[in-house]
Amino acid sequence: MTTIPTLTEGRTTIRPLRLRDTRDLDAALSENRSWLRQWEATNPSGFTSHDVRGSIRSLQINARAGLGLPFAIELDGRFVGQLNVSGIAYGSLGSATIGYWVTQSAAGHGVTPTAVALATDHCFGSLGLHRMEICIRPENGPSLRVVEKLGFRYEGLRRRYIHINGMWRDHFCFALVADEVPGGVLRRWREGLVPPGQGSVPPEALAESARSLPW
Ligand SMILES: CC(C)(COP(=O)(O)OP(=O)(O)OC[C@H]1O[C@@H](n2cnc3c(N)ncnc32)[C@H](O)[C@@H]1OP(=O)(O)O)[C@@H](O)C(=O)NCCC(=O)NCCS
């Protein structure tokens, strides 16, 4: 079992997601259905579960197996979303993937980039992981801003990569390796030291993603 820490920066806190978050999570998901739907991972079999408690439990089981870190995101002490570190691989890969969402009313306060920076610094500093990845649909402007702010490097276009809102969707992939942020992601961002353009999608990649596929 990997210990999941509570980490705070300014008004933003990330802490372990708990079973007693069920009610807040359920309320946030129902109130933000249309806000979240187009970015939500779906099951290719068509099966949809509304078992919020069950979903927290399965994230916790995954965490106990050392494969993930399920965080709740708080703004001023209120539950406003989730940040999930998933697919943790130790050893010669030393990597993991980050996913996130916040409620519509919490959007625009810099909560997510702060949460991502805190989680990434924890994964590099305490877990000893080497590479953190974030994958985003080309259409998701607000999420692309999150990686741009933090300077996650654009790595490429993954065709039909994740099943989102009922279909396999293309994603842009971004990553950081520990060596490029020796002082931490949060500090680099806060001190305005993110290399200009590092988190941007190159124009040719935007053009490629807009091209329709022959299959
Ligand atoms: C993407 C998302 C996580 C960004 O989180 P956030 O905490 O609002 O991040 P920020 O405050 O840094 O805002 C990022 C950008 O969102 C946009 N934004 C700000 N307020 C907004 C609002 N009320 N509504 C929509 N977009 C908004 C702005 O472009 C902002 O960039 P800016 O700060 O340069 O103006 C959030 O919009 C969200 O949860 N969306 C729905 C789920 C989702 O897309 N998850 C990610 C899948 S990869």
Side-chain angles (χ1 to χ4, degrees), residues 7-15 17 21 24-43 52 55 59 68-87 96-120 132-176 185-186 188-190 192 194 196-201 205-206 209:
L7 304 165
T8 298
E9 166 70 14
R11 301 171 63 193
T12 303
T13 294
I14 57 171
R15 59 150 178 86
L17 184 70
D21 291 316
D24 285 346
L25 176 54
D26 200 10
L29 291 173
S30 351
E31 284 157 23
N32 289 275
R33 201 150 277 155
S34 60
W35 166 251
L36 296 173
R37 186 176 294 126
Q38 64 174 319
W39 316 117
E40 229 164 32
T42 40
N43 189 328
V52 173
S55 77
L59 286 168
L69 306 175
F71 287 102
I73 304 178
E74 292 181 351
L75 172 62
D76 297 331
R78 274 181 312 108
F79 179 95
V80 294
Q82 280 179 274
L83 182 148
N84 253 322
V85 176
S86 62
T97 298
I98 294 183
Y100 45 72
W101 64 269
V102 293
T103 59
Q104 189 165 12
S105 59
H109 297 283
V111 174
T112 305
T114 307
V116 170
L118 288 168
T120 303
M132 298 300 290
E133 176 178 292
I134 297 178
C135 295
I136 301 172
R137 287 182 62 185
E139 301 85 356
N140 194 341
S143 191
L144 291 172
R145 277 293 294 143
V146 170
V147 290
E148 190 172 31
K149 287 178 188 186
L150 298 177
F152 273 69
R153 237 177 329 94
Y154 176 76
E155 287 198 332
L157 172 63
R158 293 187 179 169
R159 291 295 197 179
R160 305 295 186 259
Y161 182 51
I162 310 177
H163 204 267
I164 302 280
N165 193 21
M167 281 172 68
W168 294 106
R169 311 282 183 175
D170 294 351
H171 281 71
F172 288 140
C173 174
F174 300 82
L176 272 179
V185 182
L186 184 66
R188 188 178 76 159
W189 176 40
R190 290 295 193 224
V194 174
Q198 174 160 300
S200 313
V201 181
L206 285 171
S209 77

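Atoms within each ligand, like the ligands themselves, are counted from 1 in listed order.
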K.L.:
Give yes if a backbone or side-chain nitrogen or oxygen of Gly110 is under 3.5 Å from a nitrogen or oxygen of ligand 1, and no if not.
P.N.:
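Yes: some nitrogen or oxygen of Gly110 is under 3.5 Å from one in ligand 1.
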
K.L.:
Could you tell me whether Tyr100 and ligand 1 have an N or O pair separated by under 3.5 Å?
P.N.:
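Indeed, backbone or side chain, Tyr100 has an N or O that close.
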
K.L.:
For atom 26 (N) of ligand 1, which of the options Pro142, Gly99, Cys135, Pro113 provides the nearest non-hydrogen atom?
P.N.:
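Of the listed residues, Pro142 has the closest heavy atom.
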
K.L.:
Any chance you could lay out the salt bridge (Lys or Arg N to Asp or Glu O under 4.0 Å) test for Arg37 and Glu40, step after step, and finish with the verdict?
P.N.:
CA-CA 5 Å; Arg37 186 176 294 126; Glu40 229 164 32; 6.0 Å; no

K.L.:
Where does Thr103 meet ligand 1, judged by heavy-atom distances below 4.0 Å: at the side chain, the backbone, both, or neither?
P.N.:
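For Thr103, no heavy atom sits under 4.0 Å from ligand 1.
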
K.L.:
Over all heavy atoms of both residues, which pair between Phe174 and Tyr154 is shortest? Give the atoms and the distance, please.
P.N.:
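Smallest heavy-atom distance, with atoms named: CD2-CA, 3.6 Å.
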
K.L.:
For Leu36, take its heavy atoms, then give the atoms of ligand 1 lying under 4.0 Å from any of them.
P.N.:
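Matching atoms, with element in brackets: 41 (C), 42 (C).
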
K.L.:
Tell me whether Arg78 at atom CZ has more than 12 heavy atoms from other residues, nucleotides or ligands lying less than 6.0 Å away.
P.N.:
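At most 12 heavy atoms, drawn from other residues, nucleotides or ligands, come within 6.0 Å of this atom.
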
K.L.:
Does Lys149, backbone or side chain, put an N or O under 3.5 Å from an N or O of ligand 1?
P.N.:
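Among all N and O atoms of Lys149, at least one is under 3.5 Å from an N or O of ligand 1.
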
K.L.:
Select the closest option to atom 37 (O) of ligand 1 among Phe172, Trp35, Trp101, judged by heavy-atom distance.
P.N.:
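Minimum heavy-atom distance to atom 37 (O) of ligand 1 goes to Trp35.
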
K.L.:
Apply side-chain contact (heavy atoms from CB on, under 4.5 Å) to Leu206 and Phe172, showing your working.
P.N.:
CA-CA 9 Å; Leu206 285 171; Phe172 288 140; 4.0 Å; yes

K.L.:
Which residue and non-hydrogen atom of the protein lie closest to atom 22 (C) of ligand 1, and at what distance in Å?
P.N.:
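In this structure, atom 22 (C) of ligand 1 has Ala107 CB, 4.0 Å as its nearest protein heavy atom.
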
K.L.:
With nothing but distance in play, are any N or O atoms of Ile136 less than 3.5 Å from an N or O of ligand 1?
P.N.:
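Between Ile136 and ligand 1, no N or O pair is found under 3.5 Å apart.
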
K.L.:
Is a salt bridge present between Arg190 and Glu9, judged by a nitrogen-to-oxygen distance below 4.0 Å?
P.N.:
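Salt bridge present between Arg190 and Glu9.
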
K.L.:
Can you tell me the protein heavy atom closest to atom 18 (N) of ligand 1 and the distance?
P.N.:
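Residue, atom and distance for the closest contact: Gly108 CA, 4.6 Å.
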
K.L.:
Just to confirm my output: which protein heavy-atom neighbour is closest to atom 5 (O) of ligand 1, and how far is it?
P.N.:
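Atom 5 (O) of ligand 1 sits closest to the protein heavy atom Thr112 OG1, 2.8 Å.
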
K.L.:
Can you check whether Gln104's main-chain N or O pairs, donor with acceptor, with Asn32's side chain at less than 3.5 Å?
P.N.:
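Side chain of Asn32 to backbone of Gln104, a donor-acceptor pair under 3.5 Å: yes, one is there.
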
K.L.:
Are any side-chain N or O atoms of Arg188 and backbone N or O atoms of Gly151, one a donor and one an acceptor, separated by less than 3.5 Å?
P.N.:
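Yes; judged by distance alone, with no hydrogens or angles, the pair exists.
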
K.L.:
What's the shortest distance from atom 41 (C) of ligand 1 to any protein heavy atom, and which residue and atom give it?
P.N.:
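Going by distance alone, atom 41 (C) of ligand 1 is nearest to Trp39 CD1, 3.5 Å.
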
K.L.:
As a check for students: among Gln82, Arg145, Arg137, identify the option with a heavy atom nearest to atom 30 (C) of ligand 1.
P.N.:
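Going through Gln82, Arg145, Arg137 one by one, Arg145 has the nearest heavy atom to atom 30 (C) of ligand 1.
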
K.L.:
Checking side-chain contact (heavy atoms from CB on, under 4.5 Å) between Leu186 and each of Val116, Leu118, Leu150, which is the one that passes?
P.N.:
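For Leu186, the side-chain contact (heavy atoms from CB on, under 4.5 Å) test succeeds with only one of Val116, Leu118, Leu150, which is Leu118.
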
K.L.:
Nearest 0.5 Å, what's the NE2-OG distance between His171 and Ser143?
P.N.:
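Separation between the atoms: 9.0 Å.
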
K.L.:
Enumerate the atoms of ligand 1 whose separation from the nearest heavy atom of Ser143 is less than 4.0 angstrom.
P.N.:
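Those atoms are 1 (C), 46 (C), 48 (S).
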
K.L.:
For ligand 1, does Ile134 get within less than 4.0 Å through its side chain, its backbone, both, or neither, judged by non-hydrogen atoms?
P.N.:
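It is neither; nothing of Ile134 touches ligand 1.
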
K.L.:
What is the nearest protein non-hydrogen atom to atom 47 (C) of ligand 1, stated with its residue, atom name and distance?
P.N.:
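Checked against all protein heavy atoms, atom 47 (C) of ligand 1 sits closest to Asn140 ND2, 3.6 Å.
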
K.L.:
To the nearest 0.1 Å, how far is atom 39 (O) of ligand 1 from its closest protein heavy atom, and which atom is that?
P.N.:
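In this structure, atom 39 (O) of ligand 1 has Val102 N, 2.8 Å as its nearest protein heavy atom.
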
K.L.:
If you measure every N or O of Gln104 against every N or O of ligand 1, does any of those distances drop under 3.5 Å?
P.N.:
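Between Gln104 and ligand 1, no N or O pair is found under 3.5 Å apart.
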
K.L.:
So that I can tick it off, tell me whether Arg160 and Asp170 are bridged by a salt bridge, with the cut-off set at under 4.0 angstrom between side-chain N and carboxylate O.
P.N.:
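Looking at Arg160 together with Asp170, the answer is yes, because their closest N to O distance falls below 4.0 Å.
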
